K.L.:
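After the structure tokens below, expect a handful of questions from me.
Keep in mind that this is a model prediction, so the values were computed, not measured. Order of the sequence lines sets the chain letters (A, B, ...), proteins ahead of strands, with each chain counted from 1.
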Amino acid sequence: MKRHIMNGWWVALLLALLALPGARGQGVADFEDEYADDAEVADPLEPLNRAVFTLNDKLYFWIAKPLAQGYEAVLPTSAREGVRNVFANLAMPKRFVNCLLQGKLQASGQELGRFGLNTTVGTLGWRDVAADKWSIPQHDEDAGQSLGKWGVGEGISLTLPVFGPSNARDAVGLVGDAFLDPLHYLPTIWWRIGVNGEKRVNNLSLTLGEYEKTKAAAIDPYLSIRDIYEQYRRQQIKE
Amino acid sequence: MKAITSTTCVLAFLLGLAAVAAPQTPDVVVSEGTDNVLKMVRDPALQGEAKASERRTAMIAVVDQFFDWQLMAQLSMGKYWRSLSPEQQAEFVPVFKELIVSSYLGHVESYNGEKIVYEAPVIEADKGRAEVRVLVTTASYGDVDILYKLFLDGESWRVRDVSVLGVSLVRNYRSQLNQLMQREDFATVMERLRKKVEEQQQAGGVNLK
């Protein structure tokens with residue numbers, strides 16, 4: 001009886017336990033390898049980028065955050081989500097074109113389908129019925145990712161005023177995407193600033209506190225956010 | 001009769017041993033750990049500002065069971081780990097842990113009943129590695145994809161890295177420390193870490209909104 005149990009899986013376990021100290025030492029070296037191949041971010045403009053980072057930080061705490069907090073106090077979450085959805089729906093051309101540019105035919109078709117459903121059934125995009133009812137996901141493709149897919153490297157790291165962390169490739173992408181943004185074709189610059197401002201304040205009101213948390217967890221907020229941006233973009237391009 | 005009893009005893013002992021030693025699968029480690037932490041967030045006995053530090057201590061005790069801080073700290077220090085003396089290493093680990101734990105718990109405490117799905121683990125048994133993907137459905141960010149990387153530490157699976165939307169926590173600290181250790185000495189970097197931890201504690205550690 002005893003022998004029967006001894007034959008079981010836990011003999012293997014015992015052996016594994018005996019082999020433990022060696023196994024673990026090996027493990028750490030293996031894990032090291034996983035991180036060792038990380039490409040370092042090229043940041044020759046770091047002093048300038050840090051200055052812009054500080055500027056953006058002040059803009060956030062002195063202007064954007066108080067605005068978003070006031071906005072949050074006035075409008076219920078459901079309304080702010082509705083506004084966010086409307087703007088997201090209007091940004092369909094950028095996603096559609098960049099899906100095509102990356103050869104993601106099915107995704108580009110889904111973007112068109114989402115636009116049709118959300119504009120009609122979802123009342124001008126107020127509700128994301130395509131995702132909620134038909135489980136058609138949004139595909140957040142942009143020109144920076146398209147360039148990345150084609151093999152264009154990040155280039156140097158950049159921190160843009162108001163827009164925040166970016167890099168040479170993605171900054172070029174932003175310019176390209178601007179032409180696909182319906183808001184770009186509003187009649188005057190003041191309309192453009194006003195509507196884009198509303199979009200940003202609205203969306204910020206739904207994510208208040210995230211920037212603070214990220215900063216609080218960082219040893220050096222500039223370095224941390226620069227890295228988060230690059231990791232996130234690399235992941236998006238891979239997908 | 002006596003023989004039967006002793007056999008039963010041995011059997012019971014062996015079964016007991018097996019039960020203790022049986023490793024929980026990685027997804028269970030993550031889901032149970034998360035559930036246990038979340039239970040404390042909602043525990044009526046641990047609510048309010050007055051109980052904040054008590055709640056925090058209880059949550060850290062749970063997180064300690066499935067996070068390997070030592071390994072995370074070591075991997076975050078990267079190539080500079082070897083250049084540190086054992087005393088410096090021992091100085092670094094708890095402060096580093098304090099910094100991550102506060103931000104981790106901050107995120108956990110903002111949990112508000114969102115749907116959490118634990119996907120089946122991907123286990124590489126021969127390498128003693130596993131990954132568990134967790135999808136959290138949020139109103140503000142859509143589906144947030146969290147990837148726990150675990151390793152088999154003796155008989156139990158423990159977390160060595162967490163990625164949120166493809167951004168790895170260890171990678172993030174590693175890139176910061178890599179830059180900072182290049183430019184500054186260890187004491188200055190420790191000074192920065194301590195200052196951050198202090199700031200977090202002054203801000204209540206959590207709920208910075």
K.L.:
Which one wins on heavy-atom pair count under 4.5 Å against chain B: A:Arg80, A:Glu230, A:Glu210?
P.N.:
A:Glu210

K.L.:
Looking only at heavy atoms, which of residues 79-98 of chain B get nearer than 4.5 Å to chain A?
P.N.:
none

K.L.:
If I measure from the heavy atoms of chain A, does B:Lys127 come under 4.5 Å with its side chain, its backbone, both, or neither?
P.N.:
neither

K.L.:
What distance do A:Gln235 atom CD and B:Ser163 atom OG have between them, rounded to the nearest 0.5 Å?
P.N.:
8.0 Å

K.L.:
Any idea which of A:Asn203, A:Asp128, A:Leu223 has the most non-hydrogen atom pairs under 4.5 angstrom with chain B?
P.N.:
A:Leu223

K.L.:
Taking 4.0 angstrom as the limit, do A:Glu46 and B:Arg183 come out as a salt bridge?
P.N.:
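So A:Glu46 pairs with B:Arg183 through a salt bridge.
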
K.L.:
Does the structure place the NZ or CZ of B:Arg171 under 6.0 Å from the centre of the six-membered ring of A:Tyr35, at an angle of no more than 45° from the ring's axis?
P.N.:
no

K.L.:
Between B:Ile100, B:Leu177, B:Val170, which has the largest tally of heavy atom pairs under 4.5 Å with chain A?
P.N.:
B:Val170

K.L.:
State whether a side-chain donor-acceptor pair under 3.5 Å links B:Tyr173 with A:Asp227.
P.N.:
no

K.L.:
What parts of residues 185-197 of chain B touch chain A if we use heavy atoms and a cut-off under 4.5 Å?
P.N.:
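The stretch touches chain A at B:Arg192, B:Leu193, B:Lys196.
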
K.L.:
Based on non-hydrogen pairs under 4.5 Å, which of A:Arg226, A:Arg84, A:Gln236 is most in contact with chain B?
P.N.:
A:Arg84

K.L.:
How would you list, by chain and number, every residue that makes a salt bridge (Lys or Arg N to Asp or Glu O under 4.0 Å) with A:Arg233, sequence neighbours excluded?
P.N.:
A:Asp142, A:Asp170

K.L.:
Check this for me, if you would: do B:Arg129 and A:Glu34 make a salt bridge, where the nitrogen-to-carboxylate-oxygen distance has to be below 4.0 angstrom?
P.N.:
yes

K.L.:
Side chain from CB out, backbone as N, CA, C, O: work out which of these in A:Glu40 comes under 4.5 Å of a heavy atom of chain B, or both, or neither.
P.N.:
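The side chain, not the backbone.
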
K.L.:
Would you please name every residue forming a ring-ring contact (aromatic ring centres under 6.0 Å, His included) with A:Tyr229, sequence neighbours left out?
P.N.:
none

